[in-house]
Amino acid sequence: HTIRRRKRGALPYPPTPPGQFFFGNLRDIQHKTLRYRYDELAKTYGEIFHLSALGQHIVVLNTEEAAYELFTRRSAIYSDRPQLALVDLMGWDISVAFMKYGERWRSHRRLFQQVLNPRVVADFQQIQTENINKYLGRLLNDPDHFSEQLEILLGSIIMKIVYGYEIPEDGKDETFTATLKAVQNLANATLPGSWLVNSFPILRFLPEWFPGCGFRTFARETREVVDMIVDGPYERAKSRASSDAPCLVTLLEDSIAAGGHRNITESYSKEVCAVAYGSTSETTTAVIDIFYLAMRQNPDIQDKAYREIMQVVGSERLPCLSDRAALPYVEAVYREVTRWMPPVPFSLPHGSIEDDVYKDYFIPKGAFASKSLASTARVTMLNNEEKYPSPRRFMPERFLTAEGRFNGGDIDSILSFGFGRRICVGRHLADTTVWLLFACVLATFRIGKPKNGVLDGIDKLEDIDNAFLHTLVAHTVPFRCSLRSRSLEAAEIIRQLND
Ligand code: HEM
């Protein structure tokens, strides 16, 4: 306690913009276009700034160095998560992503790592490939709906991996649709500053009929859906399981039966499965949409990637994951997509469990440390002008040496997956799915702007940075592309694979 007081007494908080009487920086925290507000603050204050309102401290880190120092090197302190009242009310407290740093989080995370580590994920390659082939088939027949088809693609992959179950080709599956809804509600509920009940948890005790308590209805309806997706598909998978190929349900059941897990019950595995399923669609769809947008704006880059694939893989088959190391330019395109617009621009906040000092600034226990991964400010992590010159230009070459060798580091250096002990636990699955999809689309289609002068949401924007919504996951405004198959040969391969 003495140390805390001494630090606090002697050292200032990180730079803090002026706030209002009593409400402090609430207006900044609840800003409708938070990314732009953080941009302005980052331009003014640089590496680190601090906001406080109603007893809550938020520290925003704008450089990789600061994030690495706090979230990775000091991860014993910065691995907690803020508890959001609305997330609990909705029943999403089953998600490891929102759990407090402690025993329950550790057990959940361990189960995740057991079933989504690189070795296990490698066994899912066949499922990824088959579903990507089907997606290419749909692109061939219906290129205009490249984005809408992504939900079915990712739903099919993850449903098969988690529950060993195939959803119908048209995506009309009760669990699948319900999960999408529950996850969209979750993303809405966690957007910094958008719900008063998250800032004033006391409001959760007001009855649903009370004026202004629409959040209670929203939460109750979501909870019903969450309850449904946790139990139903898991039980169905168990009753089917024995004859099928392994899926997360069987892997977890076997692992629990084999012992070695203290205090872990089946409810944990059910939650892990529902959360794996729920974490995939929003984020992965966003990154693929960002890819389509970047490619349509940069035809030369696309052509270069295509030429590399033709040279290494040839035109008689599609690329596969074992070609990855031989396709440095495609790898660089993938890395640049995640840098240019990280799908989760603020990542998720890390909570601190002890008072701390960073560069002579005092960071109080219980502060939420947030990262501003990318924005247009030239100082934020992935837009840092010194490290990434002309940061808003899409330039895969940043990740290549002068000789064209890839130099972007391993998967843990993809900052879009977060940091430290809370780094995305599904990253190996996301990474292989996304890379394979990019490579296969680049090998078979040319992505262009809409034909015949048709304008879309993006063309009407003055600045392409406005194309990304101000939500937790950076979805794009709707946009169109014209997709044409690269060659008759490419179209024929896709048809054969779908026969
Ligand atoms: C391209 C797709 C994805 C992106 C960009 C992404 C990004 C992220 C980010 C930024 C975090 C927070 C990291 C931090 O706090 O430092 C996170 C956490 C998490 N992600 Fe992902 N993710 C993706 C796909 C997936 C998939 C496919 C799964 C599951 C199958 C998944 C499961 C999780 C879980 C469970 C957490 C919480 C980890 C914890 O709090 O301990 N993610 N992800």
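Nothing here was measured: the structure is a model prediction, and the numbers come from that model. Just follow the structure's listing: the first ligand is 1, and inside any ligand the first atom is 1.
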Mind checking whether [X] has an N or O less than 3.5 Å away from an N or O of ligand 1?
| X | value |
| --- | --- |
| Arg81 | yes |
| Trp105 | yes |
| Thr283 | no |
| Ser416 | no |
| Val434 | no |

Those residues that, when tested against Arg37, pass salt bridge (Lys or Arg N to Asp or Glu O under 4.0 Å) (two or more places apart): Asp28, Glu40

Between Arg236 and Thr175, a side-chain donor and acceptor under 3.5 Å: yes

Mode of [X] contact toward ligand 1 - side chain, backbone, both, neither (heavy atoms, under 4.0 Å):
| X | answer |
| --- | --- |
| Phe417 | both |
| Arg109 | side chain |
| Thr433 | neither |

I need the atoms of ligand 1 closer than 4.0 Å to a non-hydrogen atom of [X], numbered in the order shown.
| X | result |
| --- | --- |
| Phe419 | 16 (O) |
| Val96 | 35 (C), 40 (O) |
| Ala430 | 1 (C), 2 (C), 24 (C) |

Test side-chain hydrogen bond (donor to acceptor under 3.5 Å, both in side chains) applied to Ser147 - qualifying residues, sequence neighbours left out: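 For Ser147 the side-chain hydrogen bond (donor to acceptor under 3.5 Å, both in side chains) partners, ignoring immediate neighbours, are Asp289.
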
Ring centres under 6.0 angstrom apart (Tyr38, Phe49): yes

Proximity winner for atom 29 (C) of ligand 1, if only heavy atoms of Ser79, Gly426, Ser281 are counted: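 Looking at heavy atoms only, Gly426 sits closest to atom 29 (C) of ligand 1.
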
